[in-house]
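Below is one structure, written out as structure tokens; comments come after it.
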Amino acid sequence: MPLSSDNLNMSSIKEQQNELNEWIRFGLRLGLQSALHPFEYAKVLIQIGYEPVPPRQVRSILGYDTMVLPNIFKYVKYIRSVDGYSGCFVGLMPRLLGTIVSSVGSERIARHFGLGEVKENSEDEEVARYDSDHNDEDDGLSADRERRAFQRKLKRDIVIHTSTILIAQPFQVISIRMMAQFVGRETVYSGIWAAVKEIYKEHGMLGFFSGLVPRLIGDISCLVLASTTAYFVNKHFITDKDSRNIFPVFTSYLFSTIFYPFQVVSVCMSVSGSNLTAGRPAYMPVYSNWRECWKHLNCTGELKRGNSLFWRYYRTPEVINKNFPMTFAPLPTVTKYK
């Protein structure tokens with residue numbers, strides 16, 4: 001039966017509203033990313049091992065004395081005291097450009113593979129929900145439809161995430177190196193074009209993809225395991241609608257914590273071997289590959305540095321590989337606490 005002009009007009013209005021909402025959400029995302037950049041700046045410096053402020057002694061909640069490093073707010077305050085308020089936003093521009101380019105490019109790649117976005121309020125999904133709620137004899141069909149919908153969404157998410165990382169990685173490397181200049185007070189990466197020329201001169205095209213492999217492994221593994229876990233738990237154990245919407249957030253947080261070391265390794269590899277002070281001994285070894293970086297950070301107990309941004313306890317590494325001397329930013333030697 002052909003659709004009336006009123007239905008066509010309503011459909012067109014809804015599409016325009018959805019598109020407008022998408023642009024609004026994207027603008028809010030860029031705004032939030034900009035506002036929180038000083039904290040990302042401090043986190044990157046922590047991840048590459050730079051600790052300019054010495055630890056201080058405090059009494060823990062269990063009643064014993066320990067040493068803590070400055071939290072993320074004090075770290076941002078220190079950056080501002082050195083470079084001023086505008087200095088807290090070094091590296092923001094390539095991050096924003098990477099977000100814009102990768103968002104547009106990844107969506108086009110997904111559509112190229114026939115994985116365009118499926119609207120939640122589409123007629124087919126409404127029929128599927130109605131059948132699932134009212135036709136007990138079609139439970140098997142509904143379960144199969146739900147499984148195929150999950151598989152399609154997971155495929156789309158993998159393509160989107162993979163293409164986003166591939167497209168955004170050069171911007172990520174530029175942004176990280178701009179921020180890492182804080183360690184040695186260099187000005188080599190003064191702008192995006194200057195950074196492009198410097199990275200290409202040092203490492204060629206491969207330099208723009210430094211740290212790509214651990215980032216891909218960590219992000220894609222987190223995505224697949226979090227989505228799959230949420231799907232099976234929601235399907236077999238959770239019936240409440242609100243709980244089914246909240247549980248995927250919990251699984252994403254859980255697996256992002258588990259795979260956080262890959263993020264640290266990726267950031268370190270983006271700097272290691274560069275002409276920056278932060279990427280050379282005595283602040284950081286020159287790693288030949290990301291596995292060597294992982295091995296070193298694992299030996300020194302630094303694979304999760306930056307994971308806790310509020311309570312950052314300082315301790316000397318319990319195990320140090322003789323092939324990897326401790327070469328990060330110097331901190332005061334802490335003896336036995338009394």
As a quick check of understanding, evaluate side chain to side chain contact (heavy atoms under 4.5 Å, CB included) for T164 and S103, giving each step before the final call. CA-CA 7 Å; T164 296; S103 297; over 6 Å; no
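- Y314 contributes atom OH, which lies 9.5 Å from atom CD of E51 (distance to the nearest 0.5 angstrom).
- With hydrogens and angles disregarded, no donor-acceptor distance shorter than 3.5 Å links the side chain of N298 to the backbone of W294.
- Side chain of S163 to main chain of I160: a donor-acceptor pair is present (N/O by atom type, distance under 3.5 Å, no hydrogens or angles).
- Closest heavy-atom contact between I79 and G87: CG2-O, 4.3 Å.
- Considering OG of S256 and CG of L254, their distance stands at 7.5 Å, rounded to 0.5 Å.
- The side-chain hydrogen bond (donor to acceptor under 3.5 Å, both in side chains) test applied to N307 returns no partner, not counting sequence neighbours.
- Side chains of E198 and N275: a donor-acceptor N/O pair is present below 3.5 angstrom, by distance only.
- Judged by distance alone, the side chain of S266 and the main-chain N or O of F262 form no donor-acceptor pair under 3.5 Å.
- At least one side-chain heavy atom of V265 sits less than 4.5 Å from a side-chain heavy atom of L303.
- Judged by distance alone, the side chain of S272 and the main-chain N or O of M269 form no donor-acceptor pair under 3.5 Å.
- Judged by distance alone, the side chain of T251 and the main-chain N or O of P248 form a donor-acceptor pair under 3.5 Å.
- The aromatic rings of W23 and F26 sit perpendicular to each other, their planes meeting at more than 60°, with 30° as the lower class boundary.
- S34 and L92 make their closest contact through CA-CD1, 3.8 Å (heavy atoms, listed as atom of the first residue, atom of the second, distance).
- Heavy atoms only, all atoms of each residue included: N234 and S243 are closest at OD1-O, 4.4 Å.
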Just do the side chain to side chain contact (heavy atoms under 4.5 Å, CB included) check on I46 and R312 with the steps written out, would you? CA-CA 10 Å; I46 293 171; R312 303 178 54 229; 3.4 Å; yes
Please table the atom pairs, donor to acceptor, closer than 3.5 Å between any side-chain atom in residues 67-75 and protein atoms at least two apart or in another chain.
residue	atom	partner	partner atom	Å
N71	OD1	F73	N	3.1
N71	OD1	K74	N	2.9
Y75	OH	Y50	O	2.5

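- There is no path of hydrophobic side-chain contacts, each under 4.5 Å, that joins L20 to I100.
- Here R152 does not pair with D157 in a salt bridge; the nearest charged N to carboxylate O distance is not below 4.0 Å.
- Side-chain contact, T66 with Q57: no donor N or O sits under 3.5 Å from an acceptor N or O.
- Contact of the L32 side chain with the R29 side chain is not registered, since no non-hydrogen atoms from C-beta on lie closer than 4.5 Å.
- The line from CZ of R156 to CD1 of I109 is 12.0 Å long, rounded to the nearest 0.5 Å.
- For the atom pair NZ of K235 and CZ of F150, the computed distance is 10.0 Å after rounding to the nearest 0.5 Å.
- In this structure a side-chain-to-backbone donor-acceptor pair under 3.5 Å is present from S81 to Y78.
- Side-chain contact between Y231 and R147 is present, with at least one heavy-atom pair separated by less than 4.5 Å.
- At least one side-chain heavy atom of P281 sits less than 4.5 Å from a side-chain heavy atom of V286.
- Side chain of H37 to main chain of V90: a donor-acceptor pair is present (N/O by atom type, distance under 3.5 Å, no hydrogens or angles).
- Under the 4.5 Å side-chain heavy-atom criterion for grouping Ile, Leu, Val, Met, Phe, Trp and Tyr, I217 is connected to Y287 within one hydrophobic cluster.
- A donor-acceptor pair is defined here as one N or O able to donate and one able to accept, closer than 3.5 Å; no such pair exists between the side chain of Q47 and the backbone of R305.
- In L206, the CG atom is not crowded: 12 or fewer heavy atoms of neighbouring residues, nucleotides or ligands sit closer than 6.0 Å.
- Contact of the N289 side chain with the C293 side chain is not registered, since no non-hydrogen atoms from C-beta on lie closer than 4.5 Å.
- With contacts defined as side-chain heavy-atom distances shorter than 4.5 Å, the pair C88/D83 does not qualify.
- Listed by first and then second residue, the salt bridge (charged side-chain N to carboxylate O under 4.0 Å, His left out) pairs that reach into residues 236-254 are E146-R244, sequence neighbours excluded.
- Taking the charged nitrogens against the carboxylate oxygens, R25 and E22 do have a contact shorter than 4.0 Å, which makes a salt bridge.
- Formation of a donor-acceptor pair under 3.5 Å by the S227 side chain with backbone atoms of V224 is not found in this model.
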Trace of the side chain to side chain contact (heavy atoms under 4.5 Å, CB included) decision for T162 with I165: CA-CA 5 Å; T162 303; I165 293 173; over 6 Å; no
Evaluate the side chain to side chain contact (heavy atoms under 4.5 Å, CB included) criterion for residues L30 and Q33: first the C-alpha distance (whole Å), next the side-chain angles of each, then the deciding distance (0.1 Å), finally the verdict. CA-CA 5 Å; L30 293 179; Q33 190 175 23; 4.0 Å; yes
Without placing hydrogens or testing angles, list every side-chain donor-acceptor pair under 3.5 Å for residues 167-183, not counting sequence neighbours.
residue	atom	partner	partner atom	Å
Q169	OE1	R215	NH1	2.7
Q169	NE2	S210	O	2.7
S175	OG	G91	O	2.7
R177	NE	S270	O	2.8
R177	NH1	Y189	OH	3.0
R177	NH1	E202	OE1	3.3
R177	NH2	S270	O	3.4
Q181	OE1	V188	N	2.9
Q181	OE1	Y189	N	2.6
Q181	NE2	Y189	O	3.3

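- For the pair R59 (side chain) and D65 (backbone), a donor-acceptor distance under 3.5 Å is absent.
- Sorted by first and then second residue, the salt bridge (charged side-chain N to carboxylate O under 4.0 Å, His left out) pairs with a member in residues 248-266 form an empty list; sequence neighbours excluded.
- Grouping the Ile, Leu, Val, Met, Phe, Trp and Tyr side chains by contacts below 4.5 angstrom, directly or via other members, places L223 with I258.
- Side-chain contact between V76 and Y41 is absent, with no heavy atoms from C-beta onward closer than 4.5 Å.
- In the hydrophobic cluster analysis, where Ile, Leu, Val, Met, Phe, Trp and Tyr join through side-chain heavy atoms closer than 4.5 angstrom, L309 is grouped together with V44.
- Under 4.0 Å is where a charged nitrogen must lie from a carboxylate oxygen, and between K43 and E40 no such pair does.
- Linking ILVMFWY side-chain heavy atoms closer than 4.5 Å, directly or via other members, places L297 and Y313 in a single hydrophobic cluster.
- Annotation: the span from R280 atom CZ to S274 atom OG amounts to 7.0 Å, rounded to 0.5 Å.
- Here the OH-NZ distance, from Y260 to K304, works out to 10.0 Å after rounding to the nearest 0.5 Å.
- With contacts defined as side-chain heavy-atom distances shorter than 4.5 Å, the pair Y200/F208 qualifies.
- Scanning for side-chain hydrogen bond (donor to acceptor under 3.5 Å, both in side chains) contacts around H161 gives an empty result, with sequence neighbours left out.
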